[in-house]
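Below is one structure, written out as structure tokens, with a few remarks after it.
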Amino acid sequence: MCRFLTQRALQRVSLLLFFNLLLAGSFTWAKAQETPSIREVIAAAVIADSPAEQREIILSLKSRPSPEAISWLEKWREGSIFLYEEDGGPSSAVLLDGEADASGSFATIRLSDASPMLAADGSPIRINPKTVDFADTDSGLRRVMKEVTALAALADPSPEKRIRAIQDSSVGQKSEKLPALEALQAVEKNPKVIRVLGESIAIIRLKSRDRNERIAACRTLGEVKSLAAQDVIKSVLDDAMTAGDQETITAAKKAIAAINAHISAINAVGTVFRGLSLGSVLLVVAIGLAITFGLMGIINMAHGEFIAIGAYTTYIIQNVFAAGLKLSPFGISISIPGMNLESGANLYFAVALPASFIAAALVGLLLERSVIRFLYRRPLESLLATWGISLVLQQLFRLIFGASNVQVSSPDWLSGNWTVNDVVFGWNRVFVIGFAVMIIAATWLVLNKTSLGLLIRAVMQNRNMAACMGVRTERVNMMTFAFGCGLAGLAGAFLSQIGNVGPSLGQNYIVDAFMTVVVGGVGNILGTVISALGIGMADQSLQQYLGNPVIGKILVLGAIILFLQWRPAGIFVTRSRSLD
Amino acid sequence: MPTQPFTGRVQLPVLIIAAVFLVVVMPTLNAFGIIENFTLNLWGKYLCYGIMAISIDLLWGYTGLLCLGQALFFTLGGYMMGMHLMLMIGKLGQYKSDLPDFMVFLGHTEIPAFWQPFYSFPFAIAMVFLVPGLLAYIFGYLAFRSRIKGVYFSILTQALTYGMALLFFKNDLLMGGNNGFTDFRTLLGADLRTASTQRILYICTAVLMVAVVAGCKWLTNSRFGLIQRAIRDSENRVLFSGYATANFKLFIFVTSAMIAAFAGALYVPQVGIINPSEMTTEKSLEAVVWVALGGRGTLVGPVVGAISVNALKSWATRAYPDLWVLILGGTFVLIVMFMPKGLVGIPSQIQELITKIRRKTPQADPLPPAISSETADP
């Protein structure tokens, strides 16, 4: 670690030295000073007399690329540096400080040394940004600023920023960017950055006058399978075609072929990955239904609303961990106090998971006791009654939480991604897959390794026989239904992390969930897993192939109907001698 | 489950009076200004819904097939009529073009080939029956052939409806996207915005409804109707007695799709708009609610249900906009649980209750020990 740091420091120093040498020619002004701070340089540039002088001063910053310079130049460009002219005295560059007062004026500090501007009597000078001129920029100045910024970004300590700067500098294939890149190439140690450097340099060299250099660049780009170079190589190919340059044509064609092969490989992997993650979403959404519908035979049209219960529970927990929540259903105002935890944003989900399971399971329990137990022998009626309940629940969500979507924040780490060989794996999709695996494992464990699971399976296989053996089937029904609803609640907590939470959240998934269970074969968890993944894959592949999500979805629905022609009872058939 | 169709000799005069009232009295009162145009138009809409409800009942109450795609057939019929009406707008549209406004908006310069024949009214009417009928035939053929029934049939029809709605929401289909069709002007040369045209449309709807009720009554009382109910109560026995149940079901499915489609075709000129949000599963389920509320397995029940729920809706969405859905959902749950025979079944339920109390049987459970065909005991 220590050695690494030292190396990195040396590298930086040598880079700085190089830039100093490289740009020594443009030192006319800076040399005269005793290495002024960057703030001072910028302040001097702002008040310089002519645009030419301003440009020269800014260019001097090329010798000392640093993030600080970038941020000041950025401020200048957006107009947050102001010019203050003291009575009869020289003007100086100032920044606004603190809050605006009643007249809209701000306190000011000097840009050059961050000291507050004071009037002769010692009181702070306040200016109104509406009446005072801000430091202006013209196109020539902005171009110079961009140059400095780009150079400074190349020397940024963070590899990601360096990579972005390198990629930016290859845009437009300007040969004057080459020396800086080549200098960096000589000292760079990070393999990712080296790869991008090679790519960018080759892209710029494609414009080179030297034919052999162009061919070499084509070869390099083909080898690294550069996606960015796709278009520029095509234009090289076109030029070579008109010139009839066989060797360049071969090299360019080869490179394009290599890049295209790479693209289709990326797309294939990406499609499989997206299919897996969509399948996982379906699986998580459908697993609760696989219990209530698959095992118990209840058509729970309110399944989607149980998902929404889970999502809203997550919303409440999130607010309890933060600043609290005010709700006003039916004109009654309820205020839930918040704990204002600082790390709440990343912690709350661990509490929200069990809470959403319990909330949904409790509502499920209530529903089973009050409505569903009367309808066990009438599945079509259970469909209608639960639809009525789903209407009621949706409206309740609207009344309690409002008709628009509520904001559920997901932990920061979910928004990042992981790029391997140009294939982007979003963390949220990885999370989706992981969550699905977890939930399936948990369901399998409950059904196969606990005594409740044993009772559930016994009752579902033969209710009368189980009752004869002394199983309290009523209670098992109740527990099973609550368990299924709890799983839907978990799905809701999960969906709140990857999508919007609103009153009709559940409606978006209900058709898909039923399809998944029907295709999988009723009463079979493994079937549900396979069908969810299959539907997810089919959907994503069709989407990739057709480039149209809606048509893809319609085709999947059509395919499901046709599939049920072939296997009316789904992938896994529960064999039975009874005739319904 | 009510096994007795609505065939009392006592009720027949009531039915005739109701029919005369709807077909003759209401429009007459409207012509003399006693009933407002708005009210008559509203009733025309209710009657269209009533016809759709009968088509659901034919499937669900009489054959035991709960179809969640009836709103799809209804809307498809409406769309076919809408295409004709759109073309009849002619140059009166916003863009003063022969093309329907939305096509101009999407940058088309010519009327697509599949729209051309809809200039002809008879063709449009034929399509009102053929398109939904064909869709029902294909779907029904596939579903019944592989003996998909009970809840699976419901779920599949739900998926079909969902898929079609997604399709109709697309602009590329050239069916108006999510705005659908609206701003109609004339039908067969008559201005749709005049009260007299609307009255004629109302009379057509009422007459059609009476005809549908009469036709369904004849059908359900015939030998065919007997087999139909037998399929509902025990499909396997019918199958083993040598009847091709799939063909019977297919026939009834296609018939009911066409009835719903025709109701939709009458609905569009009266309401003046049709868009894909009408063909969602929720709309189908809402129509199923009418049937359940009115009383399934009867022919009058669905109409009663459709009219009463929609009248309630018209009132409650204005009086209690927030609570309306709660009322609808709650009523529905209660009806499914405690009134399986619906509104028209209330007299017989009360009678049953009285006999029970007289016999002094301590059974207080109002639920009938119904064992239906779809009972699947694993």
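Chain letters run A, B, ... following the sequence lines, proteins first, then strands; residues in each count from 1.
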> Above 12 or not: heavy atoms from other molecules or residues under 6.0 Å from CZ of Arg145(B)?
Replying inline: yes
>> Quick check on Phe169(B): does its CZ atom have over 12 non-hydrogen neighbours (other residues, nucleotides or ligands) under 6.0 Å away?
In response: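 Enclosed: over 12 neighbouring heavy atoms sit under 6.0 Å from CZ of Phe169(B).
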> Between Phe139(B) and chain A, which part of the residue has a heavy atom less than 4.5 Å away: side chain, backbone, both or neither?
Replying inline: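 For Phe139(B), the side chain is the part near chain A, not the backbone.
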Pick one of side chain, backbone, both or neither for [X], based on which atoms fall under 4.5 Å of a heavy atom in chain B.
{"X": "Tyr376(A)", "answer": "neither"}
{"X": "Leu564(A)", "answer": "both"}
{"X": "Gln394(A)", "answer": "neither"}

>> Test side-chain contact (heavy atoms from CB on, under 4.5 Å) on Leu391(A) and Phe332(B); report intermediate values, then the result.
In response: CA-CA 10 Å; Leu391(A) 279 186; Phe332(B) 193 37; over 6 Å; no
Would you indicate whether the side-chain heavy atoms of [Y] and [X] approach each other to under 4.5 Å?
{"X": "Ile551(A)", "Y": "Leu166(B)", "value": "no"}
{"X": "Leu66(B)", "Y": "Leu383(A)", "value": "yes"}
{"X": "Gln507(A)", "Y": "Glu282(B)", "value": "yes"}
{"X": "Phe293(A)", "Y": "Ile155(B)", "value": "yes"}
{"X": "Val289(B)", "Y": "Leu384(A)", "value": "no"}
{"X": "Leu160(B)", "Y": "Leu557(A)", "value": "no"}

> Between Leu156(B), Leu142(B), Ile335(B), which has the largest tally of heavy atom pairs under 4.5 Å with chain A?
Replying inline: Leu142(B)
> So which bits of residues 298-305 of chain A come within less than 4.5 Å of chain B, counting non-hydrogen atoms only?
Replying inline: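 Residues in range: Ile299(A), Met301(A).
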> Between Val336(B) and Ala385(A), what is the shortest heavy-atom contact and its length?
Replying inline: CG1-CB, 4.0 Å
>> Can you give me the closest heavy-atom contact between Met337(B) and Ser370(A), atom names plus distance?
In response: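 So the minimum-distance heavy-atom pair works out to CE-O, 3.3 Å.
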Partner set under salt bridge (Lys or Arg N to Asp or Glu O under 4.0 Å) for [X], not counting sequence neighbours:
{"X": "Glu286(B)", "value": "Lys313(B)"}
{"X": "Asp539(A)", "value": "none"}
{"X": "Glu474(A)", "value": "Arg369(A)"}

> Once you round to the nearest 0.5 Å, how far does OG of Ser146(B) lie from CZ of Phe563(A)?
Replying inline: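 Interatomic distance, Ser146(B) OG to Phe563(A) CZ, rounded to 0.5 Å: 11.5 Å.
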> Given Tyr162(B), which of Ile510(A), Ile554(A), Val511(A) fulfils the side-chain contact (heavy atoms from CB on, under 4.5 Å) condition?
Replying inline: Val511(A)
>> Assess the residue pair Gln395(A) and Trp324(B) against the criterion (side-chain contact (heavy atoms from CB on, under 4.5 Å)); give the C-alpha distance rounded to whole Å, side-chain angles, the decisive distance to 0.1 Å, and a yes or no.
In response: CA-CA 9 Å; Gln395(A) 190 61 21; Trp324(B) 148 246; over 6 Å; no
> Given the rule in the side-chain contact (heavy atoms from CB on, under 4.5 Å) test, do Leu399(A) and Leu326(B) qualify, once you have shown the distances and angles that lead to the verdict?
Replying inline: CA-CA 10 Å; Leu399(A) 290 175; Leu326(B) 290 185; 4.0 Å; yes
